[in-house]
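To start, the structure itself, in structure tokens.
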Amino acid sequence: MERPETVTMLMAGLIRVIAPNPSPMTYWGTNSYILGTGEARVLIDPGPQDSQHLQAVLSALPQGTSISHILVTHAHKDHSGGAQELSQVTGAPVMAFGDALSGRSDIMTQLAATTEIGGGEGVDMTFIPDVLLKDGQQIETPAGPITALHTPGHMGNHLCFAWNNSLFSGDLIMGWSSSLISPPDGDAAAFRDSCHKLLMRPDTPLYAGHGALVESGHARINALLMHRAKREQQILQALKHKPLDLKTLTKAVYGNLESFTLKAAARNTLAHLIDLKEQSKIKAVPDLHEIPVFSLAENKV
Ligand SMILES: [Zn+2]
């Protein structure tokens with residue numbers, strides 16, 4: 001992976017600043033975007049709480065310009081962590097769907113309350129936006145109108161932002177990797193619904209939270225939907241022979257992975273299993289409240 005320059009002018013009125021937090025989960029680091037051509041600019045995703053990144057964002061602002069709006073795609077620390085400090089420095093309000101727990105589906109709220117479901121990787125529990133954005137809400141900004149789209153799947157409070165002929169897709173749709181869906185924040189059924197919601201909109205390039213520009217949003221979304229459907233089929237196939245637990249299923253579907261990737265793969269597999277159980281395609285024994293054994297719905301265990 002070749003890391004581009006920290007600050008890049010992607011087109012007139014769009015600057016990308018890459019945070020110094022590269023990792024296997026964040027690729028070359030978090031992308032912060034600065035939108036607009038006037039004196040006041042809009043920032044999408046402050047990135048992690050990191051003074052070096054904060055400085056890079058402020059230095060990337062052309063002389064005589066300032067930030068008037070801070071939009072946050074979701075409350076993961078690598079996106080929202082720097083929001084408060086940037087807001088203090090610039091005076092701009094932080095705008096998002098809600099705090100880290102908002103927008104969760106009923107099943108995930110229930111699982112989080114009643115089970116040891118795990119998850120919670122990188123969640124920013126301290127995140128409190130100044131302004132709450134609703135699904136479909138148009139924000140009038142000096143960079144022009146921006147529409148907030150509630151798109152849970154990677155996280156319940158995830159928003160994508162539509163601006164001119166572009167969509168800022170956060171961690172929902174990325175080019176370099178499929179998105180981590182780790183319950184209870186991640187929700188496979190919500191991910192599918194969010195994908196279909198974006199497919200109802202015109203096809204535009206995507207500016208993701210990590211990695212490079214995706215030229216065709218629709219092509220990438222369709223590829224990711226196919227990828228998930230294939231994983232689902234692999235799980236059902238593996239369960240044809242006998243009931244299996246999560247660990248064995250993850251290995252059956254993903255093959256042998258190194259431990260870090262295996263952990264993420266197990267979270268994605270769990271998301272599929274909850275989704276399949278919700279659709280009554282599989283059973284979990286004793287149930288999802290323990291570490292269960294999964295089987296096809298028609299099997300007797
Ligand atoms: Zn994230």
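With contacts defined as side-chain heavy-atom distances shorter than 4.5 Å, the pair D78/H210 qualifies. You'll find the side chain of H218 reaches within 4.5 Å of the side chain of L199, heavy atoms only. Side-chain contact between I146 and H69 is absent, with no heavy atoms from C-beta onward closer than 4.5 Å. You'll find the side chain of Q88 reaches within 4.5 Å of the side chain of Q84, heavy atoms only. Side-chain contact between H158 and P152 is absent, with no heavy atoms from C-beta onward closer than 4.5 Å.
Expressed to the nearest 0.5 Å, how far CD1 of I18 lies from OH of Y33 amounts to 8.5 Å. Here the straight-line distance linking atom CD1 of I15 with atom CG of L10 works out to 9.0 Å at 0.5 Å rounding. Interatomic distance, CD of Q49 versus CG of L86, reported as 11.5 Å (0.5 Å rounding). One distance of note links CZ of R231 with OH of Y254; it measures 4.5 Å at 0.5 Å rounding. Rounded to the nearest 0.5 angstrom, M155 CE and D187 CG are separated by 12.5 Å. Rounding to the nearest 0.5 Å places OG1 of T30 at 10.0 Å from CG of D50.
Smallest separation of non-hydrogen atoms from P48 and N21: CG-ND2, 3.7 Å. In plain terms, the two heavy atoms of S169 and I173 that are nearest each other are OG-O, 2.8 Å.
Remark: the backbone N or O of P46 is paired with a side-chain donor or acceptor of H53 at under 3.5 angstrom. Side-chain N or O atoms of N268 include one that pairs as donor or acceptor with a backbone N or O of I181 at under 3.5 Å. Remark: side-chain polar atoms of H74 are not paired, donor with acceptor, to backbone N or O of A96 under 3.5 angstrom. Within the 3.5 Å criterion, the main-chain N or O of A143 finds a donor-acceptor partner in the side chain of W163. Side chain of R104 to main chain of G156: no donor-acceptor pair is present (N/O by atom type, distance under 3.5 Å, no hydrogens or angles). In this structure, the side chain of D130 engages the main chain of V94 through a donor-acceptor pair within 3.5 Å. The backbone N or O of L180 lies less than 3.5 Å from a partner atom in the side chain of H154, making a donor-acceptor pair.
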(request) List the steps and the verdict of side-chain contact (heavy atoms from CB on, under 4.5 Å) for T90 and L58. (result) CA-CA 9 Å; T90 58; L58 296 174; 4.1 Å; yes
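The cluster map of Ile, Leu, Val, Met, Phe, Trp and Tyr, joined by side-chain heavy atoms under 4.5 Å apart, puts L213 and V17 in different clusters. Under a hydrophobic-cluster definition in which Ile, Leu, Val, Met, Phe, Trp and Tyr are linked whenever side-chain heavy atoms come within less than 4.5 Å, directly or via other members, M125 and V72 are assigned to different clusters. In the hydrophobic clustering of ILVMFWY residues, with side-chain heavy atoms under 4.5 Å counting as a link, I117 and L276 come out together. F161 and L198 sit in two unconnected hydrophobic clusters of ILVMFWY residues. Membership requires side-chain heavy atoms under 4.5 Å apart, directly or through other members.
Judged purely by distance below 3.5 Å, without hydrogens or angles, the side chains of S216 and D203 pair a donor atom with an acceptor atom. Between the side chains of H76 and D185, no donor-acceptor pair is found at a separation under 3.5 Å. For D245 and T248, the side-chain atoms include at least one donor-acceptor pair closer than 3.5 Å.
Other residues, nucleotides and ligands contribute over 12 non-hydrogen atoms within 6.0 Å of the CG atom of L225. Crowding of M11 atom CE: a count of heavy atoms from other residues, nucleotides or ligands under 6.0 Å exceeding 12. Remark: E5 CD is loosely packed, at most 12 non-hydrogen atoms of other residues, nucleotides or ligands lying under 6.0 Å away. More than 12 non-hydrogen atoms from other residues, nucleotides or ligands lie less than 6.0 angstrom from CD of E232. The number of heavy-atom neighbours closer than 6.0 Å to CD of Q110, taken from other residues, nucleotides and ligands shown, is above 12. The neighbour count for E116 CD, taken as heavy atoms of other residues, nucleotides or ligands under 6.0 Å away, does not exceed 12.
Contact check on D135 versus K197 returns a salt bridge, with a Lys/Arg side-chain nitrogen under 4.0 Å from an Asp/Glu carboxylate oxygen.
Residue I282 is tested with I274, D275, L273 for a side chain to side chain contact (heavy atoms under 4.5 Å, CB included); the sole match is L273. When I67, L43, L14 are each tested for a side chain to side chain contact (heavy atoms under 4.5 Å, CB included) with L35, only one passes: L14.
For the pair R16 and Y207, the cation-pi criterion (under 6.0 Å, within 45° of the ring axis) is not fulfilled.
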